[in-house]
Amino acid sequence: MRKPHIADVIDVRRWLADDRDHSLADRLQRDRAIGREIVEKQDIERISAWWQRVGAEGDESVGHRVMALSRLAVVVLLVAGVALGVAVGSVAFGYEGDYPVNLLALLGVLVGIPLLLLVLTLVLLMPVRLPGLSAARDAVSAVNPGRWVGAWLDRHTDMRLYAGFSSSESDFSRWQLVVFSQWIAVGYFVGILVVGWLLVAVTDLAFGWSTTLNMEAATVHRWLSWAAIPWQNWLPIAVPDAALVEASRFYRLDTGAVPLERAAQLGQWWPFVLMMILVYGLLPRFALLLVGRWRLGMAARSLLCDDPEVLALLDRLAAPGVDFIQQAEIAGQPPTKSVPAPLERGLDEKTGIVLWNEALAEGAAQAWLSANLGTGGGPVVTVGIWQSDTDIRARLRAVPADARRVMVFTKGWEPPLLEFLDFLTVLRECIGSDPGITVIPINTAASHVDESDREIWARSLSVHDDPRLYVLQATLDAGAEA
Amino acid sequence: MIPTFAVVGHPNKGKSSIVATLAEDERLAIGPTPGTTRRAAAHTFSIDDQPQYVLVDTPGFQRARAVLDWLLGRSTTASARPALVAEFVDAHKDDPRFVDECELLRPIVEGAGILYVVDGSKPYGAEYELEMQILQWTGRPRMALINLIGADDHQGEWRQALDQYFSLVRVFDAVAADFDTRVVLLKVFGELDDEWRAPLDRAVAALVVERDRRRRRSAAEIAACLIDSLQLVERMSLGDDEPMQPAQQRMVERLQKRLRGRERQCREAVQGLYRHQTLEWQEGSQSLLDTDLFTHDGWELFGLSRQKLVVSGALTGALAGGGIDALLAGVSLALGAGIGALIGGASAWFGSGELARIKVLGETIGGRIVQVGPVKAANFPWVLLGRAWVHHQLVAERNHAYREEISLALQSDQNLMDGLPDEMRKDLQKIFARLFKSGAAGDVRGDLIGLIDRVLDSPLAR
């Protein structure tokens, strides 16, 4: 696809439009994987390499069908041009033997007018922005049948190729129009040359020139010599000399019979006439056709490479895939059951008070109990994870042996860890199986944590299978636990 | 070796949030219940499948004292401590009591750097020292991150403790950290070990480029949405006796539904670019973005004011009229531009009050074919773009650890697009006029993408 065919342009763009149905993540991954395999550097080559890997639908694609249609259109236009040329040539070269074919009229119709149209075409194709030029282009294209056909094609193939036909924005549509019209023109001049040559070959033609103006034969000769400059060195037979020009002037009032010698002399114009048509008619059109095809290829290339979807594709091909690859994570399921709040009411001196990990100062614990549960409880024991099990057991001996319950203050803002459960196991071993153990998660302001935090504690402690383990409710009435 | 960082610490101090933020992965299990993370999970940052660095999310310490007791019981010399930690992991790999400790220590003994995470909004506690001692014994490069989960500030006491165990201590709010903060943190990671600096610099450079690329790709998605939305039509065949009004109403509703669907599709694409796939369901009902596309309030909020619409319409009309003046080589004495400005301004003035001005065509080919659309209301592309701009801003800034619903406070309570710079607004107006006139012909799409990219790069007045 170094020179992309319009089939590729159409197919790639259609494919990319449909591709938007895939998630961007998928497209990024796919295209970057392809991009890393592509060694080509040029955009167009990279697109081509990518296209070979993902799409390339073959001859049945819409693009190929449009291209086949385009080729057919070229043949039709060429044939139409030839037919038109033959028709016009037959009339223009018409010679009944009464008067010679008027060279000035013949060249004016067959060469002059087409040249004028060619110049106009070139002006309209000028890339510069002149006042009114854009509007003139729009006006010309508005009445151009090519625009209607383009719009129809766009609508039926969803190509967005010819949408800019009227707006001077679409290089592609403009040069497509140029190419099509030059095929007609080439056919037209070929038709004229063929019919001209045939008439020269199988009939006798006589050419002359005539004018009402006061014009000398030398002047006409000078003009015609200038016109013949392109071939005068290598085809002198096609350059009229002064005598021929002088002898070819005729007046329609002069009805005298033309001598045989002069009739033959007037026929000597034909190489000049055919060369004029060839050089000033066919060759410029053929040159414009070649330029048009070249520019059409460039337009097709930019139609592809400048398309936002294609630019996005190039970006996906080139942009390094930046990603986090996550190893499968195993998430824990939070416990579904919860440790209940204690049912017993009231505290007494035989209630053990334990401070875990310095959740509160000793005095603050009793004050908290007095404020929230109506009594300060018994002696306070402070333990923490920096102590060994032996130390903890020794300290827990301070808990009254006949305690009905033990209140354990812990930092509510910290999560319940397994080592806290280890401590509860040690505590249970020390106080026996009867006393209840009530855990009080306390917050940084020495007040009870809110219900959601309490619930976290209650659920976390549920894995510690102790039927006499409780977590204090967050909302407390003074003097009551539950 | 690829730089690897084990994110360790007490349970529930935001380790997974930090990983979610840095790895841009909102799917990470983050929960209030301790033990949500049960196994170490590696997140490998790669450029074209080439790993640059690895973040390992780990469970928290559960029995730090028991671990330290084991280590202290076998303590020899300082140089032997790292090997002793490795020995602990090896000796307890099948011990259910130390599952969490083995999971978090394994990547460290295999060579990972340590990112120790604490919550600076909660008071420091002596129990943390056991964890810090264990980490110190590993001998690996380590850094402490003070995460701020709550409102209180205990950074001072934390710093005093952390400075004794860690060579680098940084504050990093995992939930509020923006892109620049994340990039700075990644660069700091490189300071832990000279060999890690180059791959981390590559990662940072790639992230910066990727950020711009995401914005450009978002602009392309939004441009496609705008172009599609301005071309959507609804057609329906009606029998001769079938009344027009109800059918027209149904078609309008169907068109509006398709337009809403197209906008939703665009939002999902943008969210996908920023790896926020599950964002939609998190949007609260009070969110600005939940405002329906076709409400008067929504148009007031996101679109252009009537005054700006008139100015823009007049400008477009003047340009069109100016073309005629040019064609006539100025003989018209700029009458074309003047009349064009009047017509453009007037149509914007009278059309701006309509929610969605919709063209209804009646045809007589084999009965009646009624067509509704495309939307012609001048403010419609502005509203769409305004909504897309706000959505992009929220998505681009949104942290992957952030779990709350999207909320946004705009500085002004109406006409978001009035806040655009004049030049940008004029350029947009020209593009919209071309879109209304001839769809996405020529370079319109490319120009629109470039302009939207500029809009998305502009700060939102908030």
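Chain letters run A, B, ... following the sequence lines, proteins first and then strands; every chain starts at 1. None of these values were measured; they are calculated from a predicted model.
For the pair A:Glu358 (side chain) and B:Gly125 (backbone), a donor-acceptor distance under 3.5 Å is absent.
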When you look at B:Glu127 and A:Lys411, which way does the side chain to side chain contact (heavy atoms under 4.5 Å, CB included) test go after all the steps?
CA-CA 11 Å; B:Glu127 62 269 28; A:Lys411 293 174 180 176; 3.1 Å; yes

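Chain B forms more heavy-atom pairs under 4.5 Å with one residue of A:Ser388, A:Gly384, A:Ala33 than with any other, namely A:Ser388. Note: B:Arg217 leads B:Glu129, B:Glu210, B:Arg217, B:His10 in heavy-atom pairs under 4.5 Å with chain A. Across B:Gln52, B:Gln50, B:Lys122, the residue that shares the most heavy-atom pairs under 4.5 angstrom with chain A is B:Lys122. Ranked by non-hydrogen atom pairs under 4.5 Å with chain A, the options B:Pro123, B:Ala223, B:Ala203 are led by B:Pro123. Chain A forms more heavy-atom pairs under 4.5 Å with one residue of B:Glu221, B:Arg216, B:Gln265 than with any other, namely B:Glu221.
The part of B:Ala224 that comes within reach of chain A is its side chain, from C-beta onward, which places non-hydrogen atoms under 4.5 angstrom from that chain. With a threshold of 4.5 angstrom between heavy atoms, B:Asp119 does not approach chain A through any atom at all. Contact of A:Ser23 with chain B is not made at all, since no heavy-atom distance falls under 4.5 Å. Contacts of A:Ala319 with chain B are made by both backbone and side-chain atoms, with heavy-atom separations under 4.5 Å. When heavy atoms are compared at a cutoff of 4.5 Å, B:Phe98 does not approach chain A at all. Neither the backbone nor the side chain of A:Asn443 comes within less than 4.5 Å of any heavy atom in chain B. For B:Leu22, the part lying under 4.5 angstrom from a heavy atom of chain A is the backbone only. Residue A:Leu311 does not touch chain B at all, counting heavy-atom pairs closer than 4.5 Å.
We find the CZ-CZ distance between B:Arg63 and A:Phe420 to be 13.0 Å, quoted to the nearest 0.5 Å. To the nearest 0.5 angstrom, B:Asp152 atom CG is 10.5 Å from A:Trp413 atom CH2.
A heavy-atom distance below 4.5 Å is not found between the side chains of A:Arg316 and B:Arg213. You'll find the side chain of B:Asp49 reaches within 4.5 Å of the side chain of A:Arg36, heavy atoms only. Side-chain atoms of B:Asn12 and A:Glu414, non-hydrogen and from C-beta on, never get closer than 4.5 Å to each other.
Considering all non-hydrogen atoms of both residues, A:Leu417 and B:Pro11 come closest at CD2-CG, 3.3 Å. Residues B:Gln62 and A:Leu418 share a closest heavy-atom pair of OE1-N, 2.8 Å. Looking at every heavy atom in both residues, A:Trp386 comes nearest to B:Arg65 through N-CD, 4.4 Å. Across B:Ile47 and A:Pro320, no two heavy atoms sit closer than the pair CG2-CB, 3.5 Å.
In this structure A:Arg30 satisfies the salt bridge (Lys or Arg N to Asp or Glu O under 4.0 Å) test together with A:Asp19, sequence neighbours excluded. Residues that satisfy the salt bridge (Lys or Arg N to Asp or Glu O under 4.0 Å) test with B:Arg262, not counting sequence neighbours, are B:Asp228.
Within 6.0 Å of the CD atom in A:Gln29, the count of heavy atoms belonging to other residues, nucleotides or ligands does not exceed 12.
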